[in-house]
Number of protein chains: 2
Amino acid sequence: MALKKGYAAQHCSLARTLELVGERWTMLVVRDAFYGVRRFSDFQAHLDVPRAVLSARLGTLTEAGILEKRRYEQAPPRDEYVLTERGRQLWPALYALLAWGEAHASGSRPVRRYFLHQACGCRLDPAGGCPECGLGTVPPGDIEVHPGPGADHPDRQDPVSRAMLRPHRLLEPLDTVPTGSGAAEQQRNSR
Amino acid sequence: MALKKGYAAQHCSLARTLELVGERWTMLVVRDAFYGVRRFSDFQAHLDVPRAVLSARLGTLTEAGILEKRRYEQAPPRDEYVLTERGRQLWPALYALLAWGEAHASGSRPVRRYFLHQACGCRLDPAGGCPECGLGTVPPGDIEVHPGPGADHPDRQDPVSRAMLRPHRLLEPLDTVPTGSGAAEQQRNSR
DNA sequence: ACCGCTGGTTCGGTGAATGAACCATGGAGG
DNA sequence: CCTCCATGGTTCATTCACCGAACCAGCGGT
């Protein structure tokens with residue numbers, strides 16, 4: 001958001017937080033990072049955000065220590081952005097916003113995604129805890145995302161959206177190119 | 001944020017939430033509402049936000065059912081904005097962002113405010129629960145705000161900031177004009 | 001030599017945020 | 001009656017961030 005003057009004058013933690021993650025698109029980038037999106041083009045395809053803005057947001061988040069830019073391939077230089085520990089600690093805030101939206105801003109639409117505690121398989125409560133295990137906060141690495149009734153939307157047919165239709169663990173890399181059984185590896189190599 | 005096109009295309013609860021509360025200044029307005037700020041001029045004095053923007057934000061929040069506009073005085077018509085139940089349910093998200101900022105974006109500054117569970121007097125844990133009572137989430141009405149070491153800042157000497165230096169309960173109206181013991185009522189009448 | 005993919009940067013146009021000024025209502029004081 | 005002040009706004013010119021489209025660079029494949 002870079003509130004040139006307004007926020008800077010505020011000495012509140014919230015204001016400083018919003019200076020980092022309160023800008024347009026930033027939280028959606030972080031959300032996608034939790035869902036396992038890692039590459040520039042995947043963020044771009046899924047969020048449909050102008051590339052310049054995406055570039056700026058990834059830069060800001062990396063500078064703030066929320067994402068880390070890693071070269072995962074040398075031959076053709078390929079980079080990926082992954083959440084740092086600091087970034088992963090944004091999960092409670094992210095989940096709280098998401099849960100509020102589910103309860104108050106969904107307009108009777110069917111639920112799009114379930115969040116399940118991987119250990120016991122039950123749905124997270126609105127506070128992000130596991131009612132079964134008595135955990136107050138389930139860490140994102142122990143959460144599985146499953147598609148709900150409203151998951152498959154006729155718009156959003158890009159590979160990333162389709163990859164998100166399959167159940168997967170938070171933070172684990174999203175497999176963008178899965179055709180049939182076990183074809184992922186072949187595909188990845190053949191590109 | 002009114003993401004004209006980008007967010008609208010997203011069918012995610014987070015995107016819809018951010019359309020409401022993700023705009024610049026909006027979360028700070030909500031935070032102040034939790035702290036007990038209710039009047040237009042008090043929001044303006046404390047946040048130092050352009051009046052036009054504040055007007056727009058209060059309008060959006062009222063329309064979204066997060067705040068309610070109430071006439072609290074007829075004679076000279078005076079209005080106040082108070083959180084609705086829907087607005088109060090934003091507390092977990094707000095606290096999570098605040099706690100993250102305290103942990104990761106405070107740059108070794110002394111803590112500005114403590115949040116105490118009113119029933120037992122102990123500080124809230126990072127998840128917004130009470131470690132003593134075993135409560136997963138303490139509702140905002142049961143939370144007391146106390147000034148921390150970094151509370152009194154030489155800037156921000158407006159009446160609202162000074163009022164926030166005194167311990168008070170969340171959601172209860174902030175007493176902006178308290179001079180000495182029990183003088184509040186006299187002051188309010190003499191204006 | 002040419003094409004395509006990834007990961008960007010650059011650029012002109014548009015819409016939102018900003019700060020300052022102005023306005024309307026309704027006391028209070030003289 | 002006239003003026004002053006407080007509250008709660010609105011209007012307006014300027015500035016700034018976002019937008020979409022185009023362009024570019026490194027590398028691989030054919």
Side-chain angles (χ1 to χ4, degrees), chain A residues 1-10 18-19 22-29 37-62 67 69-81 158-160 176-177 187-191, chain B residues 1-9 18-19 22-29 37-62 67 69-82 158-160 176-177 187-191:
Chain A
M1 199 153 297
L3 304 108
K4 307 144 265 289
K5 176 223 147 187
Y7 275 44
Q10 306 280 335
L18 291 177
E19 264 194 275
E23 282 183 307
R24 203 167 145 108
W25 296 110
T26 303
M27 267 314 219
L28 294 181
V29 170
V37 177
R38 296 191 165 188
R39 286 165 41 188
F40 188 94
S41 53
D42 286 345
F43 284 112
Q44 207 277 323
H46 187 231
L47 295 176
D48 201 28
V49 57
R51 301 161 96 83
V53 175
L54 178 58
S55 181
R57 294 298 178 274
L58 290 173
T60 308
L61 286 170
T62 304
L67 293 179
K69 185 176 186 169
R70 288 201 312 218
R71 170 111 350 152
Y72 71 94
E73 195 179 271
Q74 293 293 344
R78 295 286 178 263
D79 300 317
E80 62 180 7
Y81 296 87
D158 56 278
V160 185
T176 321
V177 191
Q187 289 278 356
R188 192 173 288 276
N189 293 337
S190 76
R191 276 187 309 172
Chain B
M1 199 153 296
L3 302 107
K4 306 144 265 290
K5 175 223 147 188
Y7 276 44
L18 292 177
E19 265 194 275
E23 279 182 309
R24 205 164 142 110
W25 296 111
T26 302
M27 268 313 219
L28 294 180
V29 170
V37 177
R38 297 190 166 188
R39 285 165 41 189
F40 187 95
S41 53
D42 286 344
F43 283 111
Q44 207 278 320
H46 186 231
L47 294 175
D48 202 27
V49 56
R51 302 160 99 84
V53 176
L54 178 58
S55 181
R57 293 300 179 272
L58 290 173
T60 307
L61 287 170
T62 304
L67 295 180
K69 186 176 186 171
R70 288 203 310 219
R71 171 101 4 141
Y72 71 94
E73 197 180 87
Q74 293 292 343
R78 294 285 178 263
D79 299 319
E80 63 180 8
Y81 296 88
V82 291
D158 57 277
V160 184
T176 320
V177 191
Q187 290 277 355
R188 193 174 286 277
N189 292 338
S190 76
R191 278 188 309 172

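Every chain is numbered from 1, with letters handed out A, B, ... down the list of sequences.
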Quiz prompt | Between P of D/dA6 and CZ of B/F40, the distance in whole Å | solution =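 To the nearest whole Å, that distance equals 16 Å.
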Report yes if a side-chain nitrogen or oxygen of [X] is closer than 4.0 Å to either non-bridging phosphate oxygen (OP1 or OP2) of [N]; otherwise report no.
X     : N      : value
A/S41 : C/dG7  : yes
B/S55 : D/dG8  : no
B/R78 : C/dT25 : no

Report which part of the nucleic acid [X] touches: base, sugar-phosphate, or nothing (heavy-atom distance under 4.0 Å, all strands).
X     : value
A/R71 : nothing
A/P77 : sugar-phosphate
A/Y81 : sugar-phosphate

Quiz item: Do the charged groups of A/R70 and A/E80 touch, with an N to O distance under 4.0 Å?
Solution: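 Yes, charged N to carboxylate O under 4.0 Å.
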Quiz item: Has the side chain of A/R51 got a donor or acceptor that lies under 3.5 Å from a partner of the other kind on the base of C/dG7?
Solution: yes
Quiz item: Counting side-chain heavy atoms from CB outward, which of C/dA17, D/dC27, C/dG8 is closest to A/D79?
Solution: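 When the side chain of A/D79 is considered, C/dG8 is the closest of C/dA17, D/dC27, C/dG8.
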Quiz item: B/V53 has a side chain; which of D/dC27, C/dT18, D/dG8 sits nearest to it?
Solution: C/dT18
Exercise. State the CZ-CZ distance between A/F40 and A/R51, to the nearest 0.5 angstrom.
Key: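 Between atom CZ of A/F40 and atom CZ of A/R51 there are 5.5 Å.
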Quiz item: Measuring from A/K69:NZ to A/L61:CG, what's the distance to the nearest 0.5 Å?
Solution: 13.0 Å
